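Note that the structure is a prediction, hence the values are computed from the model and not measured.
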Amino acid sequence: MSFFAENAEIGGGGGFVAAPQGVYLCNLHDIEIVDATAYNDPSTKTTDFKWIFETVDDTDEEGNPYRFVKFTGRRYGDDRANLTTLLDQMMGRRLTDEEFKALDLPKMRAAQWRVMVDEYTNAKGFLNNKIMSVKPAVAPRPAARPQAPAAPRPQQRRPSPPPDNSDIQDPFAE
């Protein structure tokens, strides 16, 4: 049986429910390599990445996790490239060429991500989600350790009031 016969559905609506706009805790479900139409020239085909994130805690009415998709090119390093923008958000900084080449997909899949999505209606009238940002999910902070009581501060001296010189006469007064 073919890959698509096992893993795809045929339908006009996209096959999943759009989530309300917000921030969701997600896992990186997969990154697929897909053929797409070039943005500047519809007669040209390109090869892009399809990033698929699935919610961890939130589900639709049928109990299925929400699924969010982001398409990026395959070029990293250019400030205008979607792949650069996405990975800079996910990693919290710009990676060196060596760090980019060494990215470990299994580790990225094992991590949890905070995915911010917005809603939009596409040209066919279907409600969809658009990924606005992806950031690492911050682990909960450990419980605060009890602090030792602070040492007493030394008392500060207050300046003494100026002396009362009202009984002294001014020799230069006329």
If you look only at pairs with a residue in residues 100-113, which of them pass as a side chain to side chain donor-acceptor pair (under 3.5 Å), with sequence neighbours excluded? D30-R109
Start with the C-alpha gap between M116 and R114, add the side-chain angles, then the distance that decides, and say whether side chain to side chain contact (heavy atoms under 4.5 Å, CB included) holds. CA-CA 7 Å; M116 178 188 292; R114 295 225 177 267; over 6 Å; no
Restricting to non-hydrogen atoms, name the atom on Y66 and the atom on A18 that form the minimum distance, rounded to 0.1 Å. CE2-O, 3.9 Å
Would you say the side-chain atoms of Y76 and D88 include a donor-acceptor pair closer than 3.5 Å? yes
So F53 and W51, would you call those rings parallel, tilted or perpendicular, with 30° and 60° as cut-offs? parallel
Verify, without hydrogens or angle tests, whether N129 (side chain) and A19 (backbone) share a donor-acceptor contact under 3.5 angstrom. yes
Through direct or indirect side-chain contacts below 4.5 angstrom among Ile, Leu, Val, Met, Phe, Trp and Tyr, which residues connect to V34? I52, V69, F71
Of the non-hydrogen atoms in L105 and L28, which two are nearest, and what is the gap between them? CD1-CD2, 4.2 Å
Atom of L87, atom of M108 and distance for their closest heavy-atom approach: CD2-CE, 3.9 Å
If I compare all heavy atoms of D60 with all of V17, which pair ends up nearest, and what's the gap? OD2-CG2, 3.9 Å
Minimum heavy-atom separation for D41 and S43, please, with both atom names. OD1-OG, 2.7 Å
Could you tell me whether the side chain of T84 reaches within less than 4.5 Å of the side chain of R94, counting heavy atoms only? yes
Looking only at non-hydrogen atoms, find the nearest pair between Q89 and P136 and report the distance. O-CD, 3.7 Å
Do D58 and T55 pair up side chain to side chain, a donor and an acceptor below 3.5 Å, judged on atom types alone? no
